[in-house]
Amino acid sequence: MPDFTLTIGGQNVAGAARPIPVIDPSTGQAFTESPAATVAQLDQAVDAAAQAFATWQHSSHAERSAALERVAGAIEQHAAELADLVVREQGKPLALAQMEVGGAVAWTRAAAALLIPVEVIEQREGKRIELHRKPLGVVGSITPWNWPLMIAVWHIMPALRAGNAVVIKPSPFTPLSTLRLVQIMASVLPAGLVNSVVGEAEVGQAMAEHPGIAKLVFTGSTRTGQDIVRRAAGNLKRLTLELGGNDAAIVLPGTDTAAIAEGLFATAFLNMGQTCAALKRLYVHESQVDAVCEQLAAIAARQVLGGGLEPGVTFGPVQNAPQLARVEELVQDARAQGARIVCGGQRLDRPGYFYAPTIVAGLSNGARLVDEEQFGPVLPVIAYRTVDEAVALANASSMGLGGSVWGEVQAATALAPRLECGTVWVNGHAEVLPHCPFGGSKMSGVGVEFGLDGLLEYTQPQLLNING
Ligand code: NAD
């Protein structure tokens, strides 16, 4: 294990708050400690970022792109170490952690390649009006525990690409891969451009309130997002909020469900279901519910559960004890409602936070497992009678991150726009891409990430109105 430190002003810095034990979800035991920052250290990190910003804001686009290319190369050089850390602290199987590191590199390169155009709004004799985009200043980033490395990259890289400096606070459940990422980045970037602080909610709250932070990008639960909105009012911080989801998928009547079962399972149970844009409610015509349940249960039965570093493992534990307790509670509630547990429905009899992949039938909207985001390895399969009813049930949610329609492509594509969400997939789900804007509608978020639209969220428009 390397020496984990905070990074402040380009230096490795010991945490001044009490260290946080980091638990391996496959054993339930702490395997190391993370340094933790005080609010005074957060202030130092914001000061260091502000100093770095004073120079970085004047850097050229070519310099920023080149810096991010250096970062991508440095991540690649440390790929094996980062993947190993992701497995240990987050719990996912190694192949998925390697995919996460690969995604981190791809998103870094995509941010490096983006160009921010100057828009000429008016051009005539004696008059020229241009719209420029300036960086905002210090960007605060707060990340969750499900894809810790990838989401850190999603926040940091566009912020730097647009000319800002960053202070990032990872989840205290999964701080290590972010601490290493920032150390690695600091080795190839100007001092203070990216800083890390680890802490519980109070450090996040101090970031939301901080007058020196111009913008906050947050990925996490809707409830925390609401708290951030309230606290950010002091300096009217710019906010990008990627919040909870409860994505519905509709399988059109008559679809060959054997052909799509693998896709349904993979996108519902991606990262053990702990993915914001995973498929979380599956609506199937009443005539096909039993068949779909059996097909999904057969795929669940093939999963090899175990620690992410064990060979052959395809399915890891839930990341943390509170999340496991929540999954258990929702399945318990479903049982009490008379639901049919098609497969799974229990913890494994072994140490760690393992929960068998679970399919639940016999529920509809109104049950907690359907109405609330489970964020774990359990999927409710819900019967509908007509497609209009399915759309109404899918849309009857305060969330609106993603959704999908599965079936004959023209019919599915025609239905897709009726879903109330930020992304609709046809014959797919949960695919996020570096060049495509991604964000939630309703209470799933504010703003978008990725692509030029995502990059512009890290900028302030400035209109240049030239006469003469
Ligand atoms: P969480 O909201 O509990 O924590 C996220 C981060 O916020 C952590 O770093 C935490 O320490 C910090 N935090 C907690 N309370 C805070 C406060 N009051 N002020 C500021 N910061 C605070 O979320 P989680 O349990 O880590 O993540 C799971 C949730 O994240 C799920 O709801 C999931 O859907 C969502 N998520 C959304 C996306 C997306 O892109 N929309 C992606 C991943 C996860």
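Predicted, not measured: the structure shown is a model, and the values here were computed from it. Ligands are counted one by one from 1 in listed order, and the atoms in each one are counted from 1 as well.
In terms of protein heavy atoms, atom 36 (N) of ligand 1 is closest to Cys276 CB, 3.6 Å. Scanning the protein for heavy atoms near atom 13 (N) of ligand 1, the closest one is Thr224 CG2, 3.7 Å. Closest to atom 35 (C) of ligand 1, if we only count protein heavy atoms, is Gly220 O, 3.2 Å. Residue, atom and distance of the protein heavy atom nearest to atom 33 (C) of ligand 1 are Phe375 CE1, 3.2 Å. Given atom 5 (C) of ligand 1, the protein heavy atom at minimum distance is Phe218 CE1, 3.8 Å. Protein heavy atom at the shortest distance from atom 41 (N) of ligand 1 is Leu243 O, 2.7 Å. For atom 11 (O) of ligand 1, the closest non-hydrogen atom of the protein is Lys169 NZ, 2.8 Å. The nearest heavy-atom contact from the protein to atom 23 (O) of ligand 1 is Ser221 N, 3.4 Å.
Close contacts of ligand 1 with Pro170, meaning ligand atoms under 4.0 Å from a residue heavy atom, involve 9 (O). Those atoms of ligand 1 that come under 4.0 Å of a heavy atom in Asp227, given as number and element, are 17 (C), 18 (N), 19 (N). Atom numbering of ligand 1 starts at 1 in the shown order; those under 4.0 Å from a heavy atom of Leu401 are 41 (N). Atom numbering of ligand 1 starts at 1 in the shown order; those under 4.0 Å from a heavy atom of Ile142 are 6 (C), 7 (O), 9 (O), 12 (C), 20 (C), 21 (N). Proximity to Gly245 (heavy-atom distance under 4.0 Å) selects the following atoms of ligand 1: 34 (O). Close approach of ligand 1 to Pro172 (heavy-atom distance below 4.0 Å) involves ligand atoms 11 (O). The atoms of ligand 1 that sit less than 4.0 Å from any heavy atom of Trp145 are 24 (P), 25 (O), 26 (O), 27 (O). Listed by number with element, the atoms of ligand 1 under 4.0 angstrom from any heavy atom of Gly204 are 19 (N), 20 (C), 21 (N).
Side chains of Trp406 and Ser404: a donor-acceptor N/O pair is present below 3.5 angstrom, by distance only. If you check the side chains of His210 and Asn235, you find no donor sitting under 3.5 Å from an acceptor.
Of all non-hydrogen atoms in Ala49 and Ala165, the two that sit nearest each other are O-CB, 3.3 Å. Nearest heavy atoms, Cys276 versus Leu401: O-CD2, 3.4 Å.
For Gln51, the CD atom sits in a loose shell: 12 or fewer heavy atoms of surrounding residues, nucleotides or ligands are nearer than 6.0 Å.
At least one heavy atom of Ile151 sits closer than 4.0 Å to an atom of ligand 1. Residue Trp147 places no heavy atom under 4.0 Å from ligand 1.
No donor-acceptor distance shorter than 3.5 angstrom exists from the side chain of Asn164 to the backbone of Pro135, with no hydrogens or angles considered. Not one N or O on the side chain of Thr143 forms a donor-acceptor pair closer than 3.5 Å with the backbone of Ala152. Under a 3.5 Å cut-off, the side chain of Gln57 and the backbone N or O of Gly163 do not form any donor-acceptor pair. Of the possible polar contacts, none joining the Arg238 side chain to the Leu136 backbone as a donor-acceptor pair under 3.5 Å is found. Judged by distance alone, with hydrogens and angles left aside, the side-chain atoms of Asn427 form a donor-acceptor pair with the main-chain N or O of Gly407 at under 3.5 Å.
By the criterion of a heavy-atom distance under 4.0 Å, the side chain of Asn146, and not its backbone, is placed next to ligand 1. Counting heavy atoms closer than 4.0 Å to ligand 1, residue Phe438 contributes side-chain atoms (C-beta onward) but none from N, CA, C or O. When heavy-atom distances to ligand 1 are checked against a 4.0 Å cut-off, Glu449 has no atom that comes that close, whether in backbone or side chain.
Ring planes of Phe173 and Trp145: perpendicular class, angle over 60° (limits at 30 and 60°). Taking the six-membered ring where the residue is Trp, Trp154 and Phe450 present perpendicular rings, their angle passing 60° and hence far from 30°.
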Take Arg88 and Asp84 through the test salt bridge (charged side-chain N to carboxylate O under 4.0 Å, His left out) and record every step on the way to the result. CA-CA 6 Å; Arg88 281 174 197 275; Asp84 184 80; 2.8 Å; yes
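By the 3.5 Å distance cut-off applied to N or O atoms, Thr143 is counted among the residues near ligand 1. Looking at Trp154 next to ligand 1, no N or O pair under 3.5 Å apart turns up.
Note that NZ of Lys237 and CD1 of Ile228 are 10.0 Å apart. Values are rounded to the nearest 0.5 Å.
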